[in-house]
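Just below is one structure, and these are the notes that go with it.
Residues take their numbers from the sequence shown, with the count starting at 1. All heavy atoms count here, side chains included; hydrogens, waters and symmetry mates do not.
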Amino acid sequence: MTTLAPTYRPLVGMFWMFAAGVSFVVMTALVKSLGSTMDPIQAAFIRFVFGLVFLLPALKLVLTTHLTRRHLTLFGIRGIVHAVAVMLWFFSMTQIPLAEVTAMNYMTPVYVTLGAALFLGEKLAFRRIAAICVAIIGVIIILRPGFREISAGHLTMLGTSLGLGGSYLIAKALVRDLPPSVVVAHMSIWVTIALIPFAVAVWTPPSLRDLGVLFLVASFATAGHYFMTIALKAAPVAVTQPVTFLQLIWATLVGALVFHESVDAWVVAGGTLILSAVSFIAWREAVLNRGNLTTPSIAPKI
C-alpha cells in the first residue's frame with residue numbers, strides 16, 4: 001500500500017491558498033481605492049519600489065549567485081514584459097470592476113499552457129486543448145461582444161494576462177538553474193528599473209495617503225505570494241487551485257459593498273468556466289503524475 005508523504009497536507013494547503021486569495025483581493029481593493037488620484041504607471045512604480053524592501057532577506061543570496069549573460073538577458077526581457085503587464089493591470093483597475101479584473105486574470109495559466117507547448121516543447125494533449133476552448137468561452141461570456149461595450153480596461157486585462165503568462169514562462173526557464181528566491185528578487189529589481197522612464201514621464205508629487213496605500217499594496221502582495229508558496233509546498237496545485245475561486249467571490253462582494261459596483265452574474269459564470277478549465281488541467285496532470293508539465297497557479301503576479 002502506498003503511503004502519502006508526510007509533507008502532503010491538503011487541508012493546510014487549502015487554508016494557506018485561501019489566505020493568499022484574501023491577501024490578493026485586499027491588494028486589488030487597495031489599488032482600486034486610489035481611484036484617479038495617481039497615474040496608474042506611477043502607482044505601479046511606487047508599489048515595486050516599496051516591494052524591494054521585502055527582498056532584503058534574500059539580498060546576500062542575490063549578490064553571491066553567479067549569473068551568466070543568458071541569465072541577465074532573460075531577466076531583462078522578463079523585467080520589460082512584466083513591467084508592461086503591471087502597468088496594464090493598474091490601468092485596468094481604474095476602468096473595470098474588481099470582479100472583472102479577477103475573472104479575466106484567470107486567463108494567465110491558459111496563456112502559459114499555450115506558451116509551454118509553443119516554446120518549451122510540452123505536449124498539448126486533447127484535454128488541454130478542450131480546457132483552453134472552455135476558458136475562451138468563459139472570456140467570451142465575460143466580454144459578451146455585441147451585447148455590451150468592450151472597454152479599454154477589458155483589452156488591457158487581456159494584455160495583462162498575456163504578459164504575466166510570458167513572465168511565468170521565462171521564470172520557468174530560469175529556475176532550472178537558479179534558486180527560486182533569486183528569480184523572484186531579480187524580477188522585482190528589473191521590473192522596478194523598467195518602470196522608471198514611464199514613471200518619470202507622468203510623475204506628480206504623491207500624497208502621504210497614496211504612499212501609505214501603495215505600501216500596504218506591496219505588503220499584501222508579498223504576503224499573498226508567501227502564503228501561496230506555503231500552500232504549494234503543503235499540497236499539489238491540483239488541490240489548492242480550486243480554492244482560488246473564492247477570490248472571485250470576495251472580489252465581487254468587495255466591489256459591491258465597498259465600491260458600489262453592480263454584481264454581474266455573467267462575469268461570475270465566465271470566471272467559473274475559466275477557473276474550472278485551469279483546475280481540470282492541473283488535476284489531470286496530477287493524476288498522470290506529469291510533474292514536468294506546466295500547471296501554474298492562477299494567483300496574480302503583481
Side-chain angles (χ1 to χ4, degrees), residues 17-18 20-36 40 85-86 88-114 127-165 224 240-283 296-302:
M17 189 59 80
F18 169 81
V22 171
S23 297
F24 288 130
V25 170
V26 172
M27 175 195 72
T28 55
L30 288 169
V31 173
K32 189 79 171 179
S33 71
L34 289 172
S36 58
V86 167
L88 293 177
W89 184 82
F90 271 78
F91 174 78
S92 299
M93 288 296 300
T94 67
Q95 302 295 310
I96 58 178
L98 275 176
E100 296 190 26
V101 170
T102 302
M104 295 186 69
N105 190 69
Y106 289 167
M107 279 298 292
T108 296
V110 175
Y111 291 136
V112 171
T113 298
L114 288 171
R127 60 184 169 276
R128 284 195 162 203
I129 296 174
I132 289 170
C133 292
V134 170
I136 292 174
I137 293 173
V139 173
I140 294 174
I141 290 175
I142 293 173
L143 297 179
R144 302 192 298 285
F147 296 92
R148 62 174 293 186
E149 179 183 359
I150 299 178
S151 70
H154 294 116
L155 298 178
T156 51
M157 265 312 298
L158 289 174
T160 296
S161 299
L162 181 61
L164 293 177
T240 59
Q241 191 149 250
V243 179
T244 55
F245 172 72
L246 295 174
Q247 289 184 38
L248 181 56
I249 296 177
W250 306 146
T252 301
L253 290 175
V254 171
L257 298 177
V258 178
F259 300 104
H260 309 294
E261 298 171 346
S262 60
V263 177
D264 191 334
W266 291 105
V267 173
V268 176
T272 302
L273 269 184
I274 298 171
L275 180 55
S276 298
V278 173
S279 298
F280 175 77
I281 291 174
W283 174 74
S297 170
I298 62 162
K301 309 301 185 295
I302 300 298

Any [X] side-chain heavy atom under 4.5 Å of [Y] side chain:
X: Met107; Y: Ile142; answer: no
X: Leu158; Y: Leu143; answer: yes
X: Met27; Y: Leu30; answer: no
X: Leu275; Y: Thr244; answer: yes
X: Phe18; Y: Trp250; answer: yes

Rounded to the nearest 0.5 Å, how far apart are [atom1] of [X] and [atom2] of [Y]?
X: Leu253; Y: Leu246; atom1: CG; atom2: CG; result: 10.5 Å
X: Ile137; Y: Leu273; atom1: CD1; atom2: CG; result: 7.0 Å
X: Ile150; Y: Ile96; atom1: CD1; atom2: CD1; result: 11.5 Å
X: His154; Y: Glu100; atom1: NE2; atom2: CD; result: 3.5 Å
X: Phe91; Y: Met157; atom1: CZ; atom2: CE; result: 12.5 Å
X: Arg128; Y: Phe280; atom1: CZ; atom2: CZ; result: 11.0 Å

Sole candidate of Leu248, Thr28, Val31 that passes side chain to side chain contact (heavy atoms under 4.5 Å, CB included) when paired with Leu98: Thr28
Quick check: closest heavy atoms across [X] and [Y], and the distance to 0.1 Å?
X: Glu261; Y: Lys32; value: OE2-CE, 3.0 Å
X: Ala99; Y: Thr252; value: CB-OG1, 3.4 Å
X: Gly159; Y: Leu88; value: C-CD1, 3.8 Å
X: Ile274; Y: Ala135; value: CG1-O, 3.4 Å
X: Ala277; Y: Ala131; value: CB-O, 3.1 Å
X: Gly224; Y: Phe24; value: C-CZ, 3.5 Å

Could you give all pairs that pass the side-chain hydrogen bond (donor to acceptor under 3.5 Å, both in side chains) test and reach residues 90-99, with sequence neighbours left out?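 Applying side-chain hydrogen bond (donor to acceptor under 3.5 Å, both in side chains) to every pair that reaches into residues 90-99, excluding sequence neighbours, yields Ser92-Thr156.
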Quick test of your reading: applying salt bridge (Lys or Arg N to Asp or Glu O under 4.0 Å), list the pairs with at least one residue in residues 245-257, sequence neighbours left out, ordered by first then second residue.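 Matches after skipping sequence neighbours: none remain.
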